[in-house]
Number of protein chains: 2
Amino acid sequence: MALTAARTPPGVLELLPLEQIAFQDMLDTIRRSFERFGFLPVETPVMELSEILLTKEGGETERQVYFVQSTGNLEKAGTPELALRFDLTVPLARYVAEHEHKLNFPFRRYQMQRVYRGERQQRGRFREFYQCDIDVIGKDSLSIRFDAELPAVIYQVFRDLKIGPFAIQLNNRKLLRGFFENLGQGDAATQALILREIDKLDKVGAEKVAESLRSNDFGLDEAAIAKILHFVQIRSSGHADALAQLDALGRGSDAFNQGLDELRQVLELIRALGVPEAFYALNLSIARGLDYYTGTVYETHLLEHPHIGSICSGGRYENLAGHYTKSHLPGVGISIGATRLFWQLREAGLIGTGASTVQVLVTQMDEAELPRYLAIANELRQAGINSEVVLEPGKLAKQMKYAEKAGIPFAVIAGGDEFAKGTVLIKDLHKREQFEVARGELVKQLRVELEQAQAMSHGTGKK
Amino acid sequence: MALTAARTPPGVLELLPLEQIAFQDMLDTIRRSFERFGFLPVETPVMELSEILLTKEGGETERQVYFVQSTGNLEKAGTPELALRFDLTVPLARYVAEHEHKLNFPFRRYQMQRVYRGERQQRGRFREFYQCDIDVIGKDSLSIRFDAELPAVIYQVFRDLKIGPFAIQLNNRKLLRGFFENLGQGDAATQALILREIDKLDKVGAEKVAESLRSNDFGLDEAAIAKILHFVQIRSSGHADALAQLDALGRGSDAFNQGLDELRQVLELIRALGVPEAFYALNLSIARGLDYYTGTVYETHLLEHPHIGSICSGGRYENLAGHYTKSHLPGVGISIGATRLFWQLREAGLIGTGASTVQVLVTQMDEAELPRYLAIANELRQAGINSEVVLEPGKLAKQMKYAEKAGIPFAVIAGGDEFAKGTVLIKDLHKREQFEVARGELVKQLRVELEQAQAMSHGTGKK
């Protein structure tokens with residue numbers, strides 16, 4: 001038979017088991033933090049009706065959509081009925097509109113699923129990737145206080161992921177809008193164009209941005225350009241400094257003042273929620289998806305790896321589901337692109353492969369004693385210890401090699417001598433040490449060893 | 001703006017948050033059991049290359065495939081390049097062939113992901129559903145002993161899911177093949193046709209099956225039909241009975257004898273693995289996907305809900321990845337259709353909605369004290385208690401109503417009196433009782449309450 005070369009489609013991240021364990025650890029940590037803050041799980045189908053997914057004013061991502069057709073429908077003309085979701089926000093809007101009367105508001109949901117985009121093929125760009133989103137949706141209104149809760153969740157997520165120091169950076173779209181209004185730039189489209197130039201600040205530097213602001217036809221004089229560059233370079237260090245920087249901006253248009261007030265409230269509540277001040281700061285250059293966010297906006301950066309860019313972003317929006325319901329549903333949300341983050345952290349050497357989920361290999365020294373090895377494995381499993389038992393006979397040395405290669409930290413060994421004495425051997429594959437324990441003490445002793453091994457791996461970090 | 005009606009495509013199961021929690025509990029329980037037995041996680045992309053997914057001899061499921069096309073490729077003729085997986089077995093075959101030299105054999109993997117089939121629209125039929133699969137793949141060979149380990153996993157999964165008594169039913173394709181050879185029916189195609197009639201045994205009864213065996217052109221005389229009906233109605237009750245039933249079958253062709261020996265070995269090892277004998281039995285009518293399985297085959301049935309059919313099935317196959325590699329990769333695996341199972345258990349009243357993942361609602365009696373409520377919530381979260389804090393002011397009665405509606409078991413209440421006394425109130429929403437504790441005792445006391453509440457809910461079952 002002619003063979004077909006086994007390969008995945010381009011643009012996906014498929015992992016080997018120990019990598020998958022590390023990735024799963026990451027997802028579990030994120031999920032635990034989301035649940036800690038009272039967010040409820042939602043999953044939606046990967047396919048949505050095309051008419052739901054594709055709105056008339058669809059942007060870049062909607063042009064990258066993947067359509068789905070069953071075999072019998074391939075020949076039909078027109079837009080296929082189904083398409084794969086390209087983010088979790090449109091499905092959330094559809095979900096909330098569809099189930100509105102069965103949900104409790106403010107509706108706090110988390111969703112961790114894969115999304116699909118027909119991206120140009122490029123290293124580090126994925127066509128299938130996990131997004132981990134949380135959003136709070138209000139009915140009619142939603143207090144600014146929720147804008148402060150999300151940074152507290154971000155703080156817990158990245159603290160628990162143990163990937164080094166990070167900063168949650170805050171800005172407010174109203175403040176930005178008001179600032180440009182004060183400069184006589186009230187037109188939203190022009191603001192968007194200016195902000196697109198400003199977005200390059202970190203990459204090209206202030207001088208290049210000033211040049212492009214000059215050369216474009218924005219009607220900005222040198223004084224205005226200087227004011228813009230000063231404004232968007234404002235960063236704070238510490239809580240008191242953040243408040244002082246806001247005070248120093250003075251007062252301006254209504255939008256400007258409202259943005260200031262919102263940022264102040266958010267800062268105060270972030271502190272009240274116990275986030276240490278080293279982990280949040282103002283960054284008045286952040287704009288994020290300008291046509292979508294209307295108030296607070298967030299980015300999160302790893303301080304020691306600035307080139308990675310924002311690892312968790314989001315913000316406040318005015319109305320979630322205007323395409324599907326007349327209800328006014330304001331919300332605030334953040335998103336972590338987990339697949340890309342995992343890939344980047346691995347590239348940066350910040351995460352390796354996980355320890356195996358298998359904690360113990362029960363070896364087989366004497367084939368005739370297989371039932372005894374199975375009984376040992378059964379006892380360990382009932383005690384909550386993940387155990388693999390060697391079922392095929394083979395040399396002990398080869399079994400040990402297998403355990404090492406597979407990343408299994410402990411092996412249990414017993415032969416005629418041990419059975420006669422009523423003991424077993426526990427071998428620590430990392431320390432390359434083994435010791436003998438009474439058969440009846442096996443579970444207890446292994447628990448101690450596993451706890452110590454885990455404590456040690458936490459102490460040295462996951463790097 | 002004209003509204004688009006918010007709705008999911010037909011054939012998907014979308015859940016409300018409390019239902020999603022119950023479903024997630026189910027997946028977590030399954031995953032825990034899989035890991036307990038040393039299976040390693042694998043996830044594959046939802047899309048595979050069509051040429052990988054669709055083999056020439058493709059059966060029913062391959063005719064139900066969903067193709068995927070990016071926007072720019074819609075107009076192109078021919079079979080689209082990508083398609084959604086319709087099971088987890090073909091992706092496993094591709095994965096093992098692709099990563100063969102980086103995997104340890106026997107390769108034990110679990111995979112819990114959604115699969116897609118363009119099923120006819122029908123109640124209880126899903127076009128998107130979770131499969132939870134485990135497989136052990138050997139290189140060149142794989143001991144029959146692995147066939148005994150899978151029932152031990154099945155036992156643990158369904159014991160832990162607490163959905164009532166069940167039986168893992170065993171048969172062996174070699175035994176079936178040998179039995180028909182002994183009857184002079186050596187032709188595999190005819191065997192397949194006969195077994196298709198036998199498969200209706202539970203639905204239509206022995207008499208109807210006998211009729212159809214007579215009316216079809218199988219060349220079976222009355223004696224042969226009687227033998228077949230006797231054979232396929234063999235069931236065992238208990239371990240010793242299973243062995244006795246096998247002994248009573250005598251000896252036959254090589255295949256027959258080999259099937260008998262394999263079943264005996266599997267039964268002995270299932271017992272050695274600690275599975276109580278009430279949970280496994282012979283059922284010599286089980287054939288399962290005849291063109292695929294070659295040895296042991298399994299089904300699992302809920303004793304009190306036989307109409308649900310098999311909730312976990314699988315078996316031994318001769319070669320996993322013959323389309324993609326010349327390596328000989330025998331394996332044994334089982335699959336749980338989790339979406340359908342969840343739906344059926346819910347229909348049967350065996351599972352309800354889960355308790356909320358939110359354990360405590362920190363209420364807001366006095367808006368001016370918000371920072372204190374945030375500090376309480378922060379303290380609970382750091383102690384590992386999932387807590388939602390009321391951020392928008394409102395009447396306490398309304399907040400309590402929200403907690404009840406949302407299924408949150410406990411509320412923490414504090415106002416001027418409590419702050420003055422250095423206490424807080426804990427309200428148990430189920431018992432409708434509240435009591436006062438010292439502020440410093442809150443975490444400790446809530447932990448006790450949560451443990452008691454959980455122990456009670458386990459005691460009464462999840463029904």
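Note that the coordinates shown come from a computational prediction; the quantities given were computed from them, not determined experimentally. Here is how names work: the chains are called A, B, and so on, in the same order as the sequence lines, proteins then strands, and each is numbered from 1.
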Peer 1: Against chain B, work out which of A:N104, A:L13, A:V12 has the most heavy-atom pairs shorter than 4.5 Å and name it.
Peer 2: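 Among A:N104, A:L13, A:V12, the one with the most close pairs to chain B is A:N104.
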Peer 1: For chain A, which candidate among B:P41, B:S141, B:A97, B:G274 shows the most heavy-atom pairs at distances under 4.5 Å?
Peer 2: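 Most heavy-atom pairs under 4.5 Å with chain A: B:P41.
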Peer 1: When only pairs under 4.5 Å are counted, which of A:A377, A:G384, A:A5 shares the most heavy-atom pairs with chain B?
Peer 2: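 Looking at each of A:A377, A:G384, A:A5 in turn, A:G384 comes out on top.
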Peer 1: Taking the side chain as C-beta and beyond, is there a heavy-atom pair between B:L92 and B:R109 under 4.5 Å?
Peer 2: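 Result yes, sub-4.5 Å side-chain heavy-atom pair found.
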Peer 1: Given heavy-atom pairs under 4.5 angstrom as the criterion, report whether the side chain, backbone, both or neither of A:V360 touches chain B.
Peer 2: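 When you check distances to chain B, no heavy atom of A:V360 falls under 4.5 Å.
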Peer 1: Between B:I408 and chain A, with a heavy-atom cut-off of 4.5 Å, which part of the residue counts as in contact: side chain, backbone, both or neither?
Peer 2: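 Neither; nothing under 4.5 Å.
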Peer 1: Picking from B:E51, B:E81, B:K102, which has the most non-hydrogen pairs under 4.5 angstrom with chain A?
Peer 2: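 Highest number of pairs under 4.5 Å: B:E51.
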Peer 1: Shorter than 4.5 Å, heavy atoms on both sides: which option in B:E48, B:E388, B:R145, B:E35 has the most such pairs with chain A?
Peer 2: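 Highest number of heavy-atom pairs under 4.5 Å: B:R145.
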Peer 1: Taking A:R117 for the side chain and A:F86 for the main chain, is one N or O donor matched with an acceptor at less than 3.5 Å?
Peer 2: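 Yes.
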Peer 1: Which one, A:R271, A:R159, A:E379, A:E100, leads in non-hydrogen pairs under 4.5 Å with chain B?
Peer 2: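 That would be A:R159.
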Peer 1: Under 3.5 Å, side chain of A:R127 to main-chain N/O of A:G118, donor-acceptor pair present?
Peer 2: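 Checking the backbone N and O of A:G118 against the side chain of A:R127, no donor-acceptor pair under 3.5 Å is found.
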Peer 1: Is a side-chain donor or acceptor of B:E43 paired with a backbone partner of A:Q20 at a separation under 3.5 angstrom?
Peer 2: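 It does not hold such a pair.
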Peer 1: With a 4.5 angstrom heavy-atom cut-off, is it the side chain or the backbone of A:L15 that approaches chain B, or both, or neither?
Peer 2: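 Answer is backbone: N, CA, C or O of A:L15 sit under 4.5 Å from chain B.
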Peer 1: For chain B, which candidate among A:T79, A:V42, A:L16 shows the most heavy-atom pairs at distances under 4.5 Å?
Peer 2: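 Looking at each option in turn, the highest pair count goes to A:L16.
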Peer 1: What part of A:R372 lies closer than 4.5 angstrom to a heavy atom of chain B: side chain, backbone, both or neither?
Peer 2: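 Neither part; nothing is under 4.5 Å.
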Peer 1: Main chain of B:L53, side chain of B:R85: is a donor-acceptor contact present, judged purely on distance under 3.5 Å?
Peer 2: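 No, because the side chain of B:R85 does not come within donor-acceptor range (under 3.5 Å) of the backbone of B:L53.
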Peer 1: Name the region of A:I385, side chain, backbone, both or neither, that has any atom closer than 4.5 Å to a heavy atom of chain B.
Peer 2: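 Looking at A:I385, just its backbone touches chain B.
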Peer 1: Side chain, backbone, both or neither: which part of A:L370 has a non-hydrogen atom closer than 4.5 Å to chain B?
Peer 2: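 For A:L370, the side chain is the part near chain B, not the backbone.
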Peer 1: Which answer fits A:A406, side chain, backbone, both or neither, if we ask what part of it has an atom under 4.5 Å from a heavy atom of chain B?
Peer 2: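 Both backbone and side chain.
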Peer 1: Between the side chain of A:R94 and the main-chain N/O of A:Y324, is any donor-acceptor distance below 3.5 Å?
Peer 2: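 No, A:R94 side chain to A:Y324 backbone: no donor-acceptor pair under 3.5 Å.
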Peer 1: So which part of A:Q382 gets closer than 4.5 Å to some heavy atom of chain B, the side chain, the backbone, both or neither?
Peer 2: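 Side chain only.
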Peer 1: Do the side chain of B:S50 and the main chain of B:P80 share a donor and acceptor less than 3.5 angstrom apart?
Peer 2: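 Here the side-chain-to-backbone pair exists.
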Peer 1: Just by modelled atom types, is the A:Y373 backbone N or O under 3.5 Å from a matching donor or acceptor in the A:Q364 side chain?
Peer 2: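 Not confirmed, A:Q364 side chain does not pair with A:Y373 backbone.
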Peer 1: Any idea which of B:V358, B:L49, B:L40 has the most non-hydrogen atom pairs under 4.5 angstrom with chain A?
Peer 2: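 Sorted descending by pairs with chain A, the first entry is B:L49.
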Peer 1: Less than 4.5 Å to any heavy atom of chain B: does that hold for the side chain of A:E149, its backbone, both, or neither?
Peer 2: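 Just the side chain, heavy atoms under 4.5 Å.
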Peer 1: For the pair A:R381 and A:V389, evaluate side-chain contact (heavy atoms from CB on, under 4.5 Å) and give the outcome as yes or no after the intermediate values.
Peer 2: CA-CA 11 Å; A:R381 287 163 182 160; A:V389 56; 3.8 Å; yes
Peer 1: Has the side chain of A:R7 got a donor or acceptor atom that lies under 3.5 Å from a matching backbone atom of B:E98?
Peer 2: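 Not a single qualifying donor-acceptor pair exists.
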Peer 1: Parallel, tilted or perpendicular: which fits the ring planes of B:F107 and B:Y95, with parallel below 30° and perpendicular above 60°?
Peer 2: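 Geometry flag for B:Y95 against B:F107: parallel rings.
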Peer 1: For the pair B:D28 and A:R31, find out whether any cationic side-chain nitrogen is under 4.0 Å from an anionic carboxylate oxygen.
Peer 2: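 The answer is yes: the pair qualifies as a salt bridge.
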Peer 1: Relative to chain B, which segment of A:V68 carries a heavy atom at a distance below 4.5 Å: side chain, backbone, both, or neither?
Peer 2: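 Both the backbone and the side chain of A:V68 come within 4.5 Å of chain B.
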Peer 1: So which part of B:V46 gets closer than 4.5 Å to some heavy atom of chain A, the side chain, the backbone, both or neither?
Peer 2: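 Looking at B:V46, backbone and side chain both touch chain A.
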Peer 1: Can you tell which part of A:E128 gets under 4.5 Å to a heavy atom of chain B, answering side chain, backbone, both or neither?
Peer 2: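 The side chain, not the backbone.
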Peer 1: Measure distances from A:F105 to the heavy atoms of chain B and classify the residue's part below 4.5 Å as side chain, backbone, both or neither.
Peer 2: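 Contact with chain B is through the backbone of A:F105 alone.
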Peer 1: At a heavy-atom separation under 4.5 Å, does B:Q111 approach chain A through its side chain, its backbone, both, or neither?
Peer 2: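 Neither part, no heavy atoms under 4.5 Å.
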Peer 1: With a 4.5 angstrom heavy-atom cut-off, which part of A:P91 approaches chain B: side chain, backbone, both or neither?
Peer 2: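 Neither the backbone nor the side chain of A:P91 comes within 4.5 Å of chain B.
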Peer 1: Can you say whether A:E119 sits under 4.5 Å from chain B via the side chain, the backbone, both, or neither, judging by heavy atoms?
Peer 2: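 Contact with chain B is absent: no heavy atom of A:E119 under 4.5 Å.
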Peer 1: Which one of B:K326, B:H99, B:R114 has the most heavy-atom pairs closer than 4.5 Å to chain A?
Peer 2: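 Answer, by heavy-atom pair count under 4.5 Å with chain A: B:R114.
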Peer 1: Do the side chain of B:Y155 and the main chain of B:I270 share a donor and acceptor less than 3.5 angstrom apart?
Peer 2: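 Not a single qualifying donor-acceptor pair exists.
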Peer 1: Chain B heavy atoms under 4.5 Å from A:T325: which part of the residue, side chain, backbone, both or neither?
Peer 2: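 Just the backbone, heavy atoms under 4.5 Å.
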Peer 1: Out of B:P371, B:A148, B:G38, B:G138, which one racks up the most heavy-atom pairs below 4.5 Å with chain A?
Peer 2: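 Most pairs with chain A among the choices: B:G38.
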